[in-house]
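Okay, so here's the structure we're looking at.
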Amino acid sequence: MTDSKLYIYNTLKRERELFVPQHAPFVGMYLCGPTVYSSPHLGNARGPITFDVLFRYLTFLGYKVRYVRNITDVGHLENDADEGEDKISKKARLDKLEPMEIVQLYTVAYHDIMRQLNILPPSIEPRASGHIIEQILMIEKIIEHGYAYVSEGSVYFDVKSFEKDYPYGELSGRITDDLQSNTRELDGQSEKHNPLDFALWKKASPEHIMHWPSPWSEGFPGWHIECSAMSAKYLGETFDIHGGGMDLLFPHHECEIAQSLGANGKQPVRYWMHNNMLTINGQKMGKSLNNFIMLHELFSGKHHLLEKAYSPMTLRFCMLQSQYRNPIDFSNKGLQDAEKAYEKLSGIYLLLKEMNWDGTSINPETEKTLSSFEDECIDAMNDDINTAIVLSNMFKVSSVVNQFNTSGKTEGVSKENFEKFKKTYCTFFTDILGLLPEANTAQGNEEFGKLVDSLLEVRNEAKKKKDFTLADAIRNTLSKFVTLQDTPEKTNWKYEKKK
RNA sequence: GGUCCUGUGGCCGAGUGGCUAGGCAGAGGUCUGCAAAACCUUGUACGGCGGUUCGAAUCCGCCCGGGACCUCCA
């Protein structure tokens, strides 16, 4: 069960480390969730997919995982100035909505996308707005310990005084002197003793519409404190795994460490894991670059950069094709390749699921290919969750399965070996990688399916009468919506959304 | 400017001292009314220059290119 040797890359140590939970079989895992102020975009999908696979794999290994993924509904400052405005309240003002209406709208949208991507719900999904008290209590502890000060109703973390007792910048490899000299001149830094200090609590300006009472002012919590407060509450002051995007390394995660040490005197996290970023056609995705793709746009194909719609599973597969610490470039070609590759493996899964052993002989080569499959997949996962290798292992066995299917017999393999292989493939495909075969109908529209089927009846009549002109005409006409595939028994069809 | 990551064949993407990655695309073939799928065969590679080594895509140095972060961002 848990004797498996899982190695994960720990950003804090900058090397792969054997994963040993603090209190096996229990594992505590935290992922920085979304700020719910706009529709989820392509970049929002990578972290949840990466850590969903980790969550699934740890569970597969037999661990009892408590996976916490927060919802940030308090908003972060737009910038580090006193005039800084909460993202959510800014959006609320622009849309003339109550802030919590924005939060509700985009939380639902986020959940919807997560469901489509077959991402399991976390064990706990705490909201920052529901943990204001915990955040205030944590800030009080930090002040008590002398690592924070109150200035004009706001509270700032005192990096200089913290550095006397603990290192700052360990995770991100920053040196405070360098940071100092590189700090830009921003307005409204006057409240801070030092430009590196960061806000724990901000006093709300009169036009700021999201605020709560606190010992210091009517205001709102700083950018980083929610994750520290909520992870400590649900996972303890020290827990196993903390994940997030590489862009959060500094300052967000660095600040989390400082806050937790400042409040509790303990390193909060044993293994820090960071997924890499993605690019679109080789360029950073950014609103100003006009290449920002929302996930609902990807799924519908309605975006000027997209040649067609790509399904949630295509996206999931595409992401799993590279190891999480490498960047992924998105392009139409890449997505179309991923779509084909995904359909191939998905087809293998569907074949295998219905296949029963009926061999008569043993072929040593086939036997070996199938028997080594499980170990190879586990080795790949144990090597810092290398899903790319797991997928390549699946391709290696795919032709064996196709040959079984073509010949109608599972020839060359023992019953025991076949059963084990079948179970392993299905478990890795659906339970660990979280891939689901997609439905053959147009988004579950039964009538559409019936319509196609009745046209195919006409076509099959034509084929029987050798009227291939009519048969081909029907196929060509249908090709705008569905792709046909004739087999000796029947005609399979697949709905394909064309732009 | 600082910190860090990265450069593999037409494209994507593993590997990390000697041993086939894999996918997509391409070429040839089998099968099929045709198409598709499937199966068989098949080519091209490790940014540049030095160094270490019996041996380097893999280690070291320098150079060149790409990217991220340093400011909200997954």
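Each chain gets a letter, A, B and so on, in the order its sequence line appears, and its residues count up from 1.
The residue Leu249(A) sits apart from the nucleic acid: no heavy atom pair falls under 4.0 Å. Across all strands, Phe468(A) comes closer than 4.0 Å to base atoms (heavy-atom distances). Gly245(A) comes within 4.0 angstrom of sugar-phosphate atoms only, judged by non-hydrogen atoms across all strands, and of no base. Across all strands shown, Asn386(A) has heavy atoms under 4.0 Å from sugar-phosphate atoms exclusively, and none from any base. Contact annotation for Arg325(A): no contact, since no heavy-atom pair falls under 4.0 Å across all strands. If you check every strand for non-hydrogen atoms under 4.0 Å, Gln321(A) touches sugar and phosphate atoms only.
You'll find a donor-acceptor pair under 3.5 Å spanning the side chain of Asp486(A) and the base of C34(B), going by distance alone.
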Side chain to side chain donor-acceptor pair (under 3.5 Å) between Thr50(A) and Asn275(A), worked out:
CA-CA 7 Å; Thr50(A) 300; Asn275(A) 61 274; 5.1 Å; no

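You'll find that the side chain of Ser399(A) is closest to C40(B), out of C40(B), A21(B), C24(B). Of the candidates G15(B), G22(B), C73(B), the closest approach to any side-chain atom of Lys396(A) belongs to G22(B). Between A14(B), G23(B), A38(B), one nucleotide has an atom nearer to the side chain of Ile389(A) than all others, and that is A14(B).
Across all strands shown, G9(B) forms no Watson-Crick or G-U wobble pair with both distances under 3.5 Å. Within the shown strands, U41(B) is the pairing partner of A27(B) under the Watson-Crick or G-U definition, both distances less than 3.5 Å. When both distances must be under 3.5 Å, the Watson-Crick or G-U wobble mate of C4(B) is G67(B).
Residues Asp158(A) and Lys192(A) are not paired through a salt bridge, judged by the lack of any N-O separation under 4.0 Å between the basic side chain and the carboxylate. Between Glu343(A) and Lys494(A) a salt bridge is recorded (basic side-chain N to carboxylate O distance below 4.0 Å). Salt bridge absent: Asp379(A) and Lys5(A) never bring a charged side-chain N and a carboxylate O closer than 4.0 Å. Between Arg127(A) and Asp73(A), at least one side-chain N (NZ, or NE/NH1/NH2) sits under 4.0 Å from a carboxylate O, which counts as a salt bridge.
To the nearest whole angstrom, the two C1' atoms, one in G61(B) and one in A21(B), are 30 Å apart.
Along RNA chain B, the nucleotide closest to Ala388(A) and the one closest to Cys32(A) are compared, and the more 5′ of them pairs with Ala388(A).
Within the 4.0 Å cut-off from OP1 or OP2 of C11(B), not a single side-chain nitrogen or oxygen of Gln336(A) is found. Contact annotation: Asn275(A) side-chain N/O to A74(B) OP1/OP2 distance is not under 4.0 Å. Remark: Lys344(A) is in phosphate contact with C24(B), judged by side-chain N or O atoms under 4.0 Å from OP1 or OP2. Close to A14(B), at under 4.0 Å from its OP1 or OP2, lies a side-chain N or O of Asn326(A). Here Asn44(A) does not reach the OP1 or OP2 of C73(B): none of its side-chain N or O atoms lies under 4.0 Å away.
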